[in-house]
Amino acid sequence: MAVSKEAHNLVLSFADDELCIGQNHSWWIAIGPFLEEDLAFTSIAQDELGHARALYSLLTDDIDHLAYGRKYSEYRSAHLAEFLCHDWSSALVRHVLHDMAEQIRWSALINSSWTELGDTAERALAEENFHIQHGLSLLRRLLSSDEGHKRLEPVVLELVPHGREYFVDCDLGLVDNGVLTMSMADQEQMWIDQVTETFNEFNISVDISQEAQGMGRSGIRSNDFATLHDEMVAVIQIDPKAKW
Amino acid sequence: MKTYEVFLKKEGKDPFIHAGSFDAPDDEMALTYAREAYGRRSEGDQMWVVLRDNVLVADELELGMANRTHKHNDGQLVAELRRAKSSNES
């Protein structure tokens, strides 16, 4: 099918979010808080990079170039996905916020009129349900303790407002032509409800009233992006013929 | 943290086989970690995760004493006697 500009950008945003989150999660390889969590978290990192790859492959035959070869301003990643989160509290909270959004975003693509995209969503959603279960059970467990609550609450309050940016893409015509089965606004509302409910359970009232600026989608990168991008392209710079 | 034991079974007639052990804070997380540590490459079609405290452990001394040669009878001796007897008769 002919892919509209909106559909192309939607998939590219999603792919860039997944690329950044996969790269960021993989920073924890071998230094996760304990062995079992290390394995689980970095296995999720691999899944996310797999999602990025699957999405890029819908847009190009040269995945490496699209993933690593663009100018900073041509990336569309949300800033929440770009943040380095080099302390475990923020890595965990971001993991949960990201995966709650991701689950909704894949769900809105199931049975898409863009058949390959719909098939990709179906495969990804199976993994995603596991990711969210992993993140939520660990987060709930930690929030149930005084020490965990004390350390996580400020991080939650700081990161939550950035989450709405995942839903900033323009969906003009995408529900009508069946690429999306749920508008971006409906997806966003679903995410806000889920996040609010999750943290209310632990007496953390998050403020998500502020509409997202969508800086990432308009080509403006967060301060962390350069460091993240250097890590991403480290291999391809040593060996330009390396294949993903 | 509690210690859990993991058993995996492939499709077919093979029984569940012990795959290893790991630590987790509770049962819910145990299933998550077991899947990632021992099943992320489809090593098994079925998985049992058992709290190690629930495993009944047999006495090692008694197990050692059970190793008696007469319980390893493979029928060799009887077969030889039979052969000898039949060759004597012919």
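Lettering of chains follows the sequences in order, A, B, ..., and the numbering in each one begins at 1.
Atom CZ of B:Arg82 is surrounded by 12 or fewer heavy atoms from other residues, nucleotides or ligands within 6.0 Å. Around atom CG of B:Asp59, more than 12 heavy atoms belonging to other residues, nucleotides or ligands sit under 6.0 Å away. Summarising the local packing, CD of A:Glu197 is surrounded by 12 or fewer heavy atoms from other residues, nucleotides or ligands at distances under 6.0 Å. A 6.0 Å sphere centred on CG of A:Asn200 holds more than 12 heavy atoms belonging to other residues, nucleotides or ligands. Counting heavy-atom neighbours within 6.0 Å of B:Leu77 CG, excluding the residue itself, gives a total of 12 or less. Other residues, nucleotides and ligands contribute only 12 or fewer heavy atoms inside 6.0 Å of the CE atom of A:Met190. Remark: B:Asn54 CG is packed, more than 12 non-hydrogen atoms of other residues, nucleotides or ligands lying under 6.0 Å away.
Minimum heavy-atom separation, A:His134 to B:Met29: O-CE, 4.1 Å. Of all non-hydrogen atoms in B:Tyr33 and A:Glu36, the two that sit nearest each other are CD2-O, 3.5 Å. Contact between B:Thr32 and A:Gln133 at its shortest, heavy atoms only, is OG1-NE2, 3.6 Å.
When each of B:Ala34, B:Ala37, B:Pro25 is checked for heavy-atom pairs under 4.5 Å with chain A, B:Pro25 comes out on top.
Residue contact with chain B, scored on non-hydrogen atoms closer than 4.5 Å, is absent for A:Gln46. Both the backbone and the side chain of A:Leu138 come within contact range of chain B, judged by heavy atoms closer than 4.5 Å. If you measure heavy-atom distances from B:Phe22 to chain A, the contacts under 4.5 Å come from both the backbone and the side chain.
In this structure, B:Glu36 CD and A:Glu37 CD are separated by 9.5 Å, a value rounded to the nearest 0.5 Å. Atom CG of A:Leu136 sits about 9.0 Å away from atom CD of B:Glu28, to the nearest 0.5 Å.
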